[in-house]
Each structure stands twice: as structure tokens, then as C-alpha cells.
Student: 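First the structure, which I've put down as C-alpha cells, then a few questions once you've had a look.
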Amino acid sequence: MHIFAVANQKGGVGKTTTTVNLAAALAQQGQRTLLIDLDPQGNATMGSGVDKRGLVRSVYPVLVGLATLAEARVLSPSGGYDVLPANRDLAGAEVEMVDLANRENRLKDALAQHKDDYDFVLIDCPPSLSMLTLNGLCAAHGVIIPMQCEYYALEGLSDLVNTIKKVHANLNRDLKVIGLLRVMYDPRSTLANQVSAQLEEHFGDKVFKAVVPRNVRLAEAPSHGIPGVLFDKAAKGAQAYQAFATELIERVKTPEFQ
Ligand code: ADP
Ligand code: MG
């Protein structure tokens, strides 16, 4: 079971879109997949076709020890993967967890009994370096970083990479950067091409080969509760996420992951 956190402390950079579409593409390609929504906004939950307003249980009681993962997970009816859903209740968890023992490992502990249930677990992190994100990073084997190829992207990246290094040193020896995913990419933009080239230069193999273009079909899909890769399979964005899933499946077969 490979557990990957999708993280970037900036909002609106494509974390949720990446988590939902990667989960759906992995499921399409025969991988048993669980998506964990760690953002109180619940966008990954809604985008998976699960109504955040009608949840009986969610990730929140799992984190504070009032429910198990087995009790709280639901099937994405449109995506074919499991979802540990979230809604606004999760905002309270941040405060409540402060007093709990082993507070940064609550999610890791919840996953421990489910090692054989899934091939991939994807964690959609909120846009902050909060206790929730810390739980995501402590539970994960690696981080997938979606980023737009714009001027300030590199600056934000060093903050995130430093945080990952600190978590690696102090809390989770398994953690590493799996890779950087270029999203909302506009190949006609000179700046995007320059930043993309810089990324490849600095990060080498850590930059995924798959590149997700800016594609309106990916942005339309969430309002239908259907992952973009299934909403319009022929769209360029959908095909890019399918290629990304294929790349990741190949990647985890390499010695780095054994
Ligand atoms: P985050 O989770 O990092 O805040 P989102 O995945 O919610 O970011 O994306 C922010 C916005 O950009 C959303 O409205 C989403 O639909 C849109 N978006 C994300 N990726 C793409 C893309 N490749 N093409 C077009 N729109 C996108
Ligand atoms: Mg999000």
C-alpha cells in the first residue's frame, strides 16, 4: 500500500483536482484506491460525488478517536474508489487534537489496520501547514506536489520542501518528495516554459513526465460530482491525469519503493 499526500501550502494550485482525478484514474486502471479528504472545505468529497452535507461519519471522528476508518469510509459512486470524506466539522479537529496523545499520528494510526485493503491511498491536504497537513505528512510515504509554472511557485516550493525535510527528520523517516506535477499548464506561455525548464534542471527525475494542461472540462466536472477523468474521457486534462496514473503505477515498481 502506497500512501501519498497531495500537498502545497498555497490554495488554488490544483491539489484537490489532482487528488480526485488521480484516484479515479488509478481506480480505472485497476488499483484499489482510497481518497482521504483532509480539507474542511470538503471539495474532494463533493468532487467524488459524495454529499458533504449528509455525512453520517467523516474523517473528523476518525481523527479524534470516535469512529474507525472502516465505519467512516464510503464509496465514490461516480469514481469507483473509496472516500474518507470531510466537511466543516473537520475545522474543529485542529483545536481538539492539540490535547490528544500522539496528535500528529492520528491518521497514520487509523490507516494501520488497513494495509491490505488498498494499493494506493491519496490524501488531499488543506492549503496550510497545519495540524491536519501534519497528520497527512506523518501518515504518508511521500508527497506529490502539484504546482503551476509561475514566477512565485518556486519560492513557495522551498518552504514546502523545508517542511517535508523537518517532518522527515523529526517525525516520519519514510517521508520524501515523490514528485512535482505541473498543472494548469499553458504551453504557449513563455514564463511557464521557463519555470518548467528550471524545475527540470533543479529537480531532475522528481518532475513527473506527465503535464496537466489548463482544461475547462476539469474545472466543470466537480459541479457534477464526477471526477474529470470520467466526466469527459477524451478531454486533454482527463488524458493527462490518466497518463499521470500510469506513470505513478510504473514508478512504484522501481527499487525506490521496494
Ligand atoms: P486546491 O485544492 O489546491 O485549492 P483546486 O484543485 O481546488 O486547488 O483547483 C483550484 C481551481 O482551479 C478549481 O476551480 C479547479 O477547478 C481549477 N483547476 C484545477 N486544475 C485545473 C486545470 N488543469 N485546468 C483548469 N482548471 C483547473
Ligand atoms: Mg483543495
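Order of appearance sets the numbers: ligands from 1, and atoms from 1 within every ligand. We're numbering straight along the sequence, starting at 1.
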Student: Can you list, by chain and residue number, the protein N, O or S atoms under 2.8 Å from the Mg ion (ligand 2)?
Tutor: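 Under 2.8 Å from the Mg ion (ligand 2) - ignoring waters, which are not counted - the protein N, O or S atoms are Thr16 OG1.
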Student: Checking side chain to side chain contact (heavy atoms under 4.5 Å, CB included) against Val143, which of Ile178, Leu137, Val6 comes through?
Tutor: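 So, applying the side chain to side chain contact (heavy atoms under 4.5 Å, CB included) to Val143 and each of Ile178, Leu137, Val6, only Leu137 qualifies.
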Student: Do the ring centers of Phe4 and His141 come within less than 6.0 Å of each other?
Tutor: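 Not close enough - the centres of the two rings lie 6.0 Å or further apart.
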Student: Where do Pro146 and Asn8 come nearest, in terms of heavy atoms and distance?
Tutor: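 Scanning both residues completely, I find the closest heavy atoms to be O-ND2, 2.9 Å.
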Student: When rounded to the nearest 0.5 angstrom, what is the spacing between CG in Leu160 and CD in Glu155?
Tutor: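 If I round to the nearest 0.5 Å, the distance is 13.5 Å.
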Student: Between Glu96 and Tyr60, does a side chain to side chain donor-acceptor pair (under 3.5 Å) hold up when you go through it step by step?
Tutor: CA-CA 10 Å; Glu96 283 179 49; Tyr60 162 69; 2.7 Å; yes
Student: Looking only at side-chain N and O atoms, does Asp159 offer a donor or acceptor that is under 3.5 Å from a partner on Asn162?
Tutor: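 Looking only at side-chain atoms, Asp159 and Asn162 do not form any donor-acceptor pair under 3.5 Å.
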Student: Are Thr16 and Asn43 linked by a side-chain donor-acceptor pair shorter than 3.5 Å?
Tutor: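 Not at all, the side chains of Thr16 and Asn43 share no donor-acceptor pair under 3.5 Å.
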Student: Below 4.0 Å from any atom of ligand 1, which residues have a heavy atom? Give them in chain and number order, please.
Tutor: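 Residue list for ligand 1: Gly11, Gly12, Val13, Gly14, Lys15, Thr16, Thr17, Met184, Val212, Pro213, Arg214, Asn215, Leu218, Ala219.
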Student: Say you draw a straight line from NZ of Lys253 to CZ of Arg251; how long is it, rounded to the nearest 0.5 Å?
Tutor: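 Going from the NZ atom of Lys253 to the CZ atom of Arg251 covers 14.0 Å.
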Student: Which of these passes side chain to side chain donor-acceptor pair (under 3.5 Å) with Thr45: Asp37, Asp39, Asp124?
Tutor: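 Among Asp37, Asp39, Asp124, the one meeting side chain to side chain donor-acceptor pair (under 3.5 Å) with Thr45 is Asp37.
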